[in-house]
**Student:** 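Dumping the structure here so I can ask a few things about it.
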Number of protein chains: 2
Amino acid sequence: MNQYIQPSASTASSRIYDTLRKDLVNGRFAAGEKLAINALKEQYQVGLSPLREALNKLAAYGLLLQENQRGFRVPTLSHRELDDIAQTRLSLESMAFEQAIAHGDAAWEAELLAAEHRLKCADMTLDKDDEWERLHTQFHRTLVAPCGSVWLLRFIEQLHDQFDRYRRLGPKMPVIRQELDQQHHELVELALKRDVKAARKLLDEHIRKSYDVALQRFTQHGEGAPNQC
Amino acid sequence: MNQYIQPSASTASSRIYDTLRKDLVNGRFAAGEKLAINALKEQYQVGLSPLREALNKLAAYGLLLQENQRGFRVPTLSHRELDDIAQTRLSLESMAFEQAIAHGDAAWEAELLAAEHRLKCADMTLDKDDEWERLHTQFHRTLVAPCGSVWLLRFIEQLHDQFDRYRRLGPKMPVIRQELDQQHHELVELALKRDVKAARKLLDEHIRKSYDVALQRFTQHGEGAPNQC
DNA sequence: GCCAGATAAATAATCGATTTTTTTAATATA
DNA sequence: TATATTAAAAAAATCGATTATTTATCTGGC
């Protein structure tokens, strides 16, 4: 009777996967930390089997490291890896954006404007940070969505998660957020104008600026608390 | 006492993962096929828990599709997806090769020559196809190894597996293999000469030629048997 | 004959307990 | 004191059985 088809009726395994993925990206666990499976079982109130299945998936996805017979640990953070992630993200996202501008139709243009607007609105209400992050991710996803390559999109999503492990380390900075928001707006404008060259250049700048923020947070992070655990 | 440290002492889960990954890439299962977990359990003589953990990892890796409450299935093959895989592979591998040529040292040069030689030798002994495939993968891995990006390497490996699902569909063709082998040799030469532009161009051609082979096999595949199962 | 709903069989997901391996602690030895 | 050996504890991996969900089959009403 329900006219809405559930895309994939959730299971305990898929739920804990989603939760852990979010928590890992948000730095809920300390970098390098060994995960105590029994503790997780208690904390998240979930059985061992679905938990282990989720951990296995997260390891394959790159948000955990798995070592046979000695469980799972959170990957460490490093300047070098941040550079790698940012550089690779730059290459792939820039490539995808170019294709998206070439292929995106009117529906895409509408989606872009909507995504940008939603993000801007969320920015005003400062209290809902989670929501802003969600919309921010969604905005960047929309930018490259019609690039035509399922695999490119998949990799970009993965890199975003990795990047955000660094970017979300510190406290929120409204000033920088405003600058980035301005760029979001300009990115949409250039995309609508189909100005590939300028759009790529701006996306490049945008990612570099985000990189600066992420690097700063990572650098300061070591001196402060080990993690917000 | 043992002077060789085991990199990660195998578990039932990791073993069945490796086996299934290989079998999936080799087309042991029909595209689109629904996996009967109980049957797999018997076939591979493995428990349910390690099996499910492996399937979860393979789904996260992209060699299986997971739908909640209805298990796992082998992704279908399509012309469109092959195009995507080949194109993305071209972009990423070309990028990585350029970086590898820029950063690769003398040890890399030696490894390249060794990998090429091993592959050529395996080519003579026609019976050991598995071994050739292993060395071929290894050769391409070596080509891009010193590119400096862990993530790029990871994605390239993933794309290779996806590409090989198509390339390994049909019977082996010694004639084309010889052509590709010739290109392997030239790729090494150009890499040693640090001729970035020519090297990229040749890698481009190489992947395109492989793509032609893969496409041909995919096209013929539908008309023949459903799969070598 | 064909469809809706109920029932049965098959399959997926999960639980609880057991086995195996690693890590920690304790003890003995040089 | 440092190192090696053994024993105990903890943790990871796996098993066997149970529960929940889907898929296939059957039945009666139209």
Side-chain angles (χ1 to χ4, degrees), chain A residues 1-21 23-24 29-30 32-61 63-76 229, chain B residues 1-21 23-24 29-30 32-61 63-76 229:
Chain A
M1 300 303 142
N2 193 336
Q3 70 186 113
Y4 301 102
I5 299 154
Q6 300 161 326
S8 197
S10 88
T11 62
S13 178
S14 72
R15 280 192 301 273
I16 187 63
Y17 173 83
D18 290 338
T19 305
L20 282 174
R21 175 179 160 182
D23 288 350
L24 283 163
F29 302 95
E33 178 185 350
K34 165 110 184 269
L35 292 188
I37 298 193
N38 277 323
L40 289 181
K41 207 165 79 93
E42 302 300 323
Q43 276 185 245
Y44 292 96
Q45 283 295 299
V46 70
L48 188 62
S49 309
L51 177 57
R52 283 190 60 89
E53 291 190 3
L55 295 175
N56 271 282
K57 269 197 278 200
L58 287 164
Y61 184 68
L63 279 173
L64 285 178
L65 294 173
Q66 183 171 23
E67 213 179 339
N68 287 343
Q69 313 283 21
R70 51 199 67 169
F72 300 85
R73 54 176 60 252
V74 181
T76 54
C229 225
Chain B
M1 306 305 144
N2 193 335
Q3 71 184 113
Y4 301 104
I5 299 153
Q6 301 161 327
S8 196
S10 88
T11 63
S13 178
S14 72
R15 280 192 301 272
I16 188 63
Y17 173 84
D18 290 338
T19 306
L20 282 174
R21 175 179 161 182
D23 287 351
L24 283 163
F29 302 95
E33 177 185 352
K34 166 110 184 269
L35 291 188
I37 299 192
N38 278 322
L40 289 181
K41 208 165 77 93
E42 302 299 323
Q43 276 185 246
Y44 291 95
Q45 284 295 300
V46 69
L48 188 59
S49 308
L51 177 57
R52 282 190 60 90
E53 291 191 2
L55 295 175
N56 271 281
K57 270 197 279 199
L58 287 164
Y61 184 70
L63 280 173
L64 285 177
L65 293 173
Q66 184 171 24
E67 214 180 339
N68 287 342
Q69 312 283 18
R70 52 200 67 168
F72 300 85
R73 56 176 59 252
V74 182
T76 55
C229 223

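Below, each value reflects all heavy atoms present in this structure, side chains not excepted, and no hydrogens, waters or symmetry copies. Reminder, nothing fancy here: chain letters follow the sequence lines and each chain counts from 1.
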**Student:** I need the A:Ile16 CD1 to A:Lys57 NZ distance, nearest 0.5 Å.
**Tutor:** 11.5 Å
**Student:** Would you tell me if any nitrogen or oxygen in the side chain of B:Arg70 comes within less than 4.0 Å of OP1 or OP2 on D:dT21?
**Tutor:** no
**Student:** If every non-hydrogen atom of B:Arg73 is compared with every non-hydrogen atom of B:Gly32, which pair is closest and at what distance?
**Tutor:** NH1-O, 2.6 Å
**Student:** Working to the nearest 0.5 angstrom, can you tell me the gap between B:Glu53 CD and A:Glu53 CD?
**Tutor:** 7.0 Å
**Student:** In whole angstroms, how far is the C1' atom of D:dA20 from the CZ atom of A:Arg15?
**Tutor:** 12 Å
**Student:** Let me know the distance between OH of B:Tyr17 and P of D:dA13, rounded to the nearest Å.
**Tutor:** 16 Å
**Student:** Taking side chain to side chain contact (heavy atoms under 4.5 Å, CB included) as the definition, give me every residue that meets it alongside A:Asp23, ordered by chain and number, with sequence neighbours left out.
**Tutor:** A:Thr19, A:Arg28, A:Phe29, A:Tyr44
**Student:** What's the CG-P distance between A:Leu65 and D:dA12, to the nearest Å?
**Tutor:** 15 Å
**Student:** Got a second to check how far B:Gln69's CD is from A:Thr11's OG1, nearest 0.5 Å?
**Tutor:** 6.0 Å
**Student:** C:dA13 P sits how many Å from A:Ile16 CD1, rounded?
**Tutor:** 16 Å
**Student:** Who passes side chain to side chain contact (heavy atoms under 4.5 Å, CB included) against B:Arg15, sequence neighbours left out?
**Tutor:** B:Ser10, B:Ala12
**Student:** Mind checking the CG-CG spacing from B:Leu58 to B:Asp18? Nearest 0.5 Å is all I need.
**Tutor:** 9.0 Å
**Student:** In residues 34-47 of chain B, which residues come under 4.0 Å of DNA chain C by heavy atom?
**Tutor:** B:Lys34, B:Leu35, B:Ile37
**Student:** Quick one: salt bridge (Lys or Arg N to Asp or Glu O under 4.0 Å) partners of A:Arg21, sequence neighbours excluded?
**Tutor:** A:Glu157, A:Asp161
**Student:** Rounded to whole Å, how long is the line connecting atom CG of B:Asn68 with atom P of C:dA12?
**Tutor:** 13 Å
**Student:** Please give the angle, rounded to 10 degrees, between the axes at the start and the end of the helix from C:dG1-D:dC30 to C:dA30-D:dT1, where five pairs define each axis.
**Tutor:** 10°
**Student:** Please work out which residues in residues 48-56 of chain B have a non-hydrogen atom less than 4.0 Å from an atom of DNA chain D and list them by number.
**Tutor:** B:Leu48, B:Ser49, B:Pro50
**Student:** Side chain to side chain contact (heavy atoms under 4.5 Å, CB included) with A:Ile37: which residues, sequence neighbours excluded?
**Tutor:** A:Leu48, A:Leu51, A:Arg52, A:Leu55, A:Phe72
**Student:** To the nearest 0.5 Å, what is the distance between CD on B:Gln45 and CD on B:Gln43?
**Tutor:** 10.0 Å
**Student:** Could you measure the distance from the CD atom of B:Glu33 to the CG atom of B:Leu64? Nearest 0.5 Å is fine.
**Tutor:** 10.0 Å
